[in-house]
Amino acid sequence: MVRRILLGSQLRRLRESRGVTREAAGYSIRASESKISRMELGRVSFKARDVEDLLTLYGVTDPAERDALLGLAREANVAGWWHSFGDVLPGWFQTYVGLEGAASGILGYEVQFVPGLLQTEAYAHAVVTRGQPDAPPSEIDRRVALRLERQKLLVAERGPEFQLILDEAALHRPYGDREVMRGQLRHLTEMSEHARVTLQIMPFSFGGHAGESGAFTLLRFPESDLSDIVYLEQLTSALYLDKPEDVRQYRRVLDRLRADSPDPAASRELIGKILRDY
């Protein structure tokens, strides 16, 4: 997904620098203007022949530059590991998993439950079962396995920075039995001490706060060509916001939530207090 976006943005810049319209670019590859738009947004796969023809149209003749862009096209068409979970992974969430895996920073706010990247296996099983009450056990197991596979990013050598504001409500809302919740709270404490994880709890005692719009995730990328993306999950789909003003508003909310929540050490103490009550 990220490679598609990168290639698309480079093709767009080349087209604009040559003053070529999308309609003319589409004609050169026997396609519509809308397909060029989807290609430049990274929303479709790339055929090598199409990329070659566009590069020729845009006057890219240097072999090294052409090879680099064609190599990017080949990489963009390689299926990610998550495609093996296609039976339990909706298309709109495949996009998120691909972006998550390429991000250098994952920042979020969650209120309903502990997010997937920090769930224990038992807690994840309880969450998935609650959300998919009619699913057969084999499907539940596949969904949990996918979640555990995603978690490997946090301990990868070049994994992202993960900053989470978790509403205290999520720590009190039980998923599974008391032992499941105790295990999940202990896991949160342990993960909060990881070098690349910053966990803060927004306590009940603060009252109303900036997260009134609900849960969201902001993804940052190391490539300068990629803007930050805000991910908003819905029941049967998701929104991906990348307009600068939209992203700025969500970034401001995160900044306010971080400023108004206890620091990581105090947040661990709060988790410990709740754990003792279990």
Side-chain angles (χ1 to χ4, degrees), residues 1-18 20 22 25-26 28-106 117 145-162 196 217-231 238 240-242:
M1 181 65 190
V2 171
R3 290 181 176 87
R4 287 181 184 180
I5 295 173
L6 286 172
L7 179 57
S9 67
Q10 292 187 49
L11 290 175
R12 185 193 71 248
R13 282 202 305 275
L14 288 168
R15 177 181 61 77
E16 292 175 345
S17 70
R18 290 288 178 170
V20 178
R22 287 196 181 96
S28 74
I29 63 168
R30 303 153 297 281
S32 64
E33 178 181 351
S34 63
K35 180 176 179 179
I36 295 297
S37 178
R38 292 194 300 273
M39 289 174 68
E40 292 181 351
L41 291 171
R43 293 178 179 170
V44 293
S45 59
F46 293 88
K47 294 180 180 177
R49 177 181 172 183
D50 289 344
V51 176
E52 288 177 347
D53 289 348
L54 288 173
L55 293 178
T56 299
L57 178 67
Y58 302 155
V60 179
T61 58
D62 179 68
E65 186 175 1
R66 289 178 69 93
D67 288 347
L69 290 170
L70 288 169
L72 191 57
R74 287 191 294 272
E75 293 173 4
N77 290 329
V78 175
W81 63 263
W82 54 90
H83 286 275
S84 64
F85 288 91
D87 55 323
V88 294
L89 191 61
W92 52 266
F93 193 61
Q94 288 187 29
T95 299
Y96 175 78
V97 176
L99 293 171
E100 177 185 70
S104 58
I106 303 173
L117 290 180
L146 168 63
R147 200 157 296 189
L148 297 179
E149 190 68 28
R150 285 173 53 212
Q151 292 178 5
K152 292 180 180 179
L153 323 150
L154 296 184
V155 295
E157 183 178 351
R158 297 185 179 180
E161 297 288 332
F162 184 40
R196 291 196 302 269
T217 302
L218 189 151
L219 301 171
R220 291 176 174 166
F221 303 93
E223 295 86 357
S224 59
D225 288 338
L226 289 178
S227 61
D228 293 351
I229 293 176
V230 173
Y231 171 76
Y240 295 86
L241 308 179
D242 62 356

The test is side-chain contact (heavy atoms from CB on, under 4.5 Å); show your working for Leu55 and Glu65 and say whether it passes. CA-CA 10 Å; Leu55 293 178; Glu65 186 175 1; over 6 Å; no
Walk me through it: do Ile106 and Leu219 pass the test side-chain contact (heavy atoms from CB on, under 4.5 Å)? CA-CA 5 Å; Ile106 303 173; Leu219 301 171; 3.9 Å; yes
Determine, stepwise, if the pair Leu70 / Glu52 fulfils side-chain contact (heavy atoms from CB on, under 4.5 Å). CA-CA 7 Å; Leu70 288 169; Glu52 288 177 347; 3.5 Å; yes
Please walk me through it: do Glu161 and Ser104 pass side-chain contact (heavy atoms from CB on, under 4.5 Å)? CA-CA 6 Å; Glu161 297 288 332; Ser104 58; over 6 Å; no
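Just one of Lys152, Arg150, Arg147 meets the salt bridge (charged side-chain N to carboxylate O under 4.0 Å, His left out) condition when paired with Glu100; it is Arg150. Partner Tyr240 forms a ring pair (Phe, Tyr, Trp, His ring centres under 6.0 Å) with one of Tyr96, Trp92, Phe93, Tyr231 and no other, that one being Tyr231.
Note that CG of Leu54 and NZ of Lys47 are 12.5 Å apart. Values are rounded to the nearest 0.5 Å.
Inter-residue side-chain proximity for Glu75 and Leu72 is flagged as met; some heavy-atom pair is nearer than 4.5 Å. In this structure, the side chains of Ile36 and Ile29 come closer than 4.5 Å at one or more pairs of heavy atoms. Looking at Val60 and Gln10, their side chains never come closer than 4.5 Å, going by heavy atoms from C-beta outward. Annotation: side chain of Ser37 is not in contact with side chain of Glu33 (no heavy-atom distance under 4.5 Å).
Within 6.0 Å of CZ in Arg18 there are 12 or fewer heavy atoms belonging to other residues, nucleotides or ligands. Around atom CZ of Arg3, no more than 12 heavy atoms belonging to other residues, nucleotides or ligands sit under 6.0 Å away. For Arg30, the CZ atom counts as densely surrounded, since its 6.0 Å shell holds more than 12 non-hydrogen atoms of other residues, nucleotides or ligands.
Not a single donor-acceptor pair under 3.5 Å links the side chain of Arg15 to the backbone N or O of Ala25.
Using cut-offs of 30° and 60° on the angle between ring planes, the pair Trp81 and Phe85 is perpendicular.
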